[in-house]
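Structure first, commentary second.
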Amino acid sequence: MPAIPSAPRSARTRSWWGWGYTDAHPDDAECAALGALLPGTLARPLPVPRIEDLPIARPAVTAPPSLAHLVTADPRARAAHAMGKAYRDVIRALRARPGRIPDLVAHPTDDREVADLLDWAGEHGVAVIPFGGGSSVVGGVEYRGDAHRAVLSLDLTSMDRVLEIDTAGRSARIQAGALGPVLEERLRPHGLTLRHFPQSFEFSTLGGWLATRAGGHYATGRTHIDNFVQSLRVITPAAAGTSWRLPASGAGPSPDRLFLGSEGALGVITEAWMRLQERPRHKASASVAFTDFHRALDAVRAVAQSDLAPANCRLLDPGEALLSGASHDGSSVLVLGFESATSPVDDRIASAVDLARAHGGRAKTPPADRDAPADSAVSAWRSAFLRMPYLRDGLARMGAVVETFETAATWDRIPALIDAVRTEVGAAALNLTGHQATINCRLTHVYPDGAAPYFTVAVAGRPGDEVEVWDDIKAVAGEILHRHRATITHHHAVGRDHRPGYDLQRPEPFALALRAAKNALDPHRILNPGVLLD
């Protein structure tokens with residue numbers, strides 16, 4: 001079928017330095033109220049940063065006339081493409097220390113323009129940083145170092161069309177620059193959905209999800225974007241290629257797997273055929289409270305090892321439950337959700353609640369098949385989940401060090417891993433800052449053989465040294481994960497921040513193959529230097 005026009009973009013203004021929309025940021029009074037929750041923070045919030053205060057030098061290169069219409073050297077565009085949205089990015093903007101700002105920002109509209117930009121960059125020693133929505137929290141969209149003459153941020157968001165929809169095969173060919181809301185808006189009239197909803201859904205692109213192997217809506221089963229891919233088209237400095245669109249294949253190593261998770265270091269993903277599904281018509285949610293966190297872990301494992309396949313199965317420890325408003329009595333809370341496009345889910349959610357009760361849980365409300373759950377704990381968690389990145393930025397303005405890291409491990413290692421993070425990261429934060437840290441944990445995704453713990457760390461920082469404090473805490477966390485054979489990242493990607501852990505995790509034969517692939521596909525080594533390998 002013919003290409004489908006893009007959905008209208010939001011009229012709201014994106015923040016160049018912090019999360020999301022500018023009109024959703026906490027004001028000074030809310031920042032101060034947040035700071036009061038962490039003893040030792042600043043007396044008043046740091047001012048909202050201004051682009052005029054950044055050290056933005058003149059571009060070191062000029063695009064040739066044939067490409068000039070695709071690029072801009074506008075200071076605001078360059079500042080907005082200098083970093084992602086990690087805590088260290090936000091605090092660097094607040095302190096006017098953004099690091100290397102790209103010389104140019106390009107907005108190609110088709111594959112030919114992407115290839116032309118890569119050819120020019122390779123000939124002139126210009127580093128190319130593929131950029132989707134810019135929501136990276138691991139240093140994945142910035143340039144570090146000085147090995148290249150100049151830096152080009154390659155923004156794919158002008159390539160955001162749904163090109164074809166195969167309703168019989170429930171799949172669609174979609175350009176990689178499509179932001180989450182744009183993508184879903186174009187699928188809705190057909191009764192179809194990708195149903196991949198990471199926390200960054202509004203501000204991230206299909207290509208970004210693919211390049212980082214993003215985790216999404218489902219807490220069990222199809223937890224990662226990988227599960228929805230039929231075919232990829234990739235433009236590399238050496239050549240362009242498209243994998244066959246197939247329901248499955250056993251023909252050797254998968255070509256898609258080479259580029260899924262490659263984070264723009266091997267090529268630029270420009271489009272993909274994605275598996276879709278009917279929009280769910282039956283939904284139900286419930287929450288179950290536990291006085292014993294370790295018994296709650298056993299309950300989650302029982303649900304994960306059943307055949308119930310909940311869409312949501314997230315365990316909040318007492319601190320996380322309190323922070324989100326899901327519980328105020330020191331309980332851990334298990335948030336359960338089921339959905340289906342074809343049949344009611346009452347029996348499945350009732351069975352999951354029964355499993356949780358068998359491990360000491362108490363259901364806060366009876367489950368019911370409905371579109372809008374009445375469970376206050378579920379509603380509170382959902383609201384807090386979407387609001388949390390904005391509150392993090394508010395705490396950053398108060399000089400707090402507040403950030404997250406996530407991992408995954410097998411069930412036999414999960415209890416000791418969580419205990420070690422709480423104890424050792426807490427001790428490191430106290431030693432670095434002189435203040436007691438708040439360390440919360442939730443399970444975001446669960447599997448029959450393991451789970452993905454997600455940690456939030458908050459502590460009053462050392463004024464002016466907030467980045468260094470977080471880097472030191474992050475190093476301690478990485479050592480704990482390695483010691484417990486837990487992955488350096490379950491769904492946030494490697495970027496530059498997780499490189500030390502990734503280097504330790506990958507087998508050496510695979511590292512050799514990855515280096516060979518880099519040399520073959522990117523001979524001038526211009527694509528996202530420092531990501532995945534040097």
Side-chain angles (χ1 to χ4, degrees), residues 14-18 51 54-64 67-86 89 92-93 98-111 113-160 175-179 200 203-208 211-212 235-237 262-270 493 495-496 522 524-531:
R14 285 281 304 275
S15 172
W16 68 267
W17 64 273
I51 291 175
L54 300 181
I56 302 179
R58 292 176 60 85
V61 291
T62 302
L67 300 176
H69 64 292
L70 300 176
V71 304
T72 179
D74 174 71
R76 181 176 182 86
R78 293 169 64 192
H81 288 77
M83 299 178 293
K85 301 300 181 185
D89 302 325
R92 284 188 295 164
R100 180 85 174 259
I101 293 175
D103 296 87
L104 299 171
V105 177
H107 290 87
T109 61
D110 59 32
D111 287 5
E113 291 174 352
V114 171
D116 289 346
L117 286 162
L118 294 183
D119 288 346
W120 169 73
E123 292 172 4
H124 294 84
V126 177
V128 178
I129 313 296
F131 194 97
S135 62
S136 171
V137 292
V138 292
V141 294
E142 67 176 271
Y143 181 88
R144 296 180 189 172
D146 56 6
H148 293 79
R149 174 187 176 193
V151 179
L152 172 73
S153 180
L154 188 68
D155 187 315
L156 273 293
T157 54
S158 292
M159 299 175 64
D160 66 350
Q175 288 186 308
L179 291 160
S200 62
F203 313 112
S204 53
T205 63
L206 173 63
T212 61
I235 310 299
T236 79
S262 64
E263 302 189 40
L266 301 178
V268 180
I269 299 171
T270 59
R496 291 164 177 82
D522 183 20
H524 297 294
R525 305 187 77 81
I526 59 170
L527 282 175
N528 222 0
V531 167

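Heavy-atom basis, side chains included; hydrogens, waters and symmetry copies ignored. For clarity, every value in this text was computed on a predicted model and none was experimentally measured.
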Hey, does the side chain of [X] reach the backbone of [Y] with a donor-acceptor pair shorter than 3.5 angstrom?
X	Y	result
Ser262	Ala265	no
Asp103	Val61	no
Arg496	Pro529	yes
Glu263	Ala211	no
Asn528	Val531	no
Asp116	Glu113	no

Check: Pro59 versus Arg78: any side-chain heavy-atom pair under 4.5 Å?
Finding: yes

Check: Taking atom types as modelled, is there a side-chain donor on Thr157 or Asp155 under 3.5 Å from an acceptor on the other?
Finding: yes

Checklist line | Stepwise salt bridge (Lys or Arg N to Asp or Glu O under 4.0 Å) test for Asp522 and Arg525 | finding: CA-CA 5 Å; Asp522 183 20; Arg525 305 187 77 81; over 6 Å; no

Next item on the list: With rounding to the nearest 0.5 Å, note down the distance linking CG in Leu70 to NE2 in His107.
Entry: 10.5 Å

Checklist line | Approximate separation, where rounding is to 0.5 Å, of Leu118 CG and Leu154 CG | finding: 6.5 Å

For a quick test of your reading: what N or O donor-acceptor pairs under 3.5 Å do the side chains of residues 119-133 make, sequence neighbours left out?
from	atom 1	to	atom 2	distance (Å)
Trp120	NE1	His124	ND1	3.4
His124	ND1	Trp120	O	2.9

Check: Do you know the tightest heavy-atom contact between Ile269 and Ala176?
Finding: O-CB, 3.1 Å

Margin query: Looking at every heavy atom in both Ala63 and Leu104, which two are closest together, and how far apart are they?
Written below: N-CD1, 4.1 Å

Checklist line | Contacts of type side-chain hydrogen bond (donor to acceptor under 3.5 Å, both in side chains), residue His148, not counting sequence neighbours | finding: Tyr143

Margin query: Does Asp110 form a side chain to side chain contact (heavy atoms under 4.5 Å, CB included) with Gln175? I'd like the steps, not just the answer.
Written below: CA-CA 9 Å; Asp110 59 32; Gln175 288 186 308; 5.6 Å; no

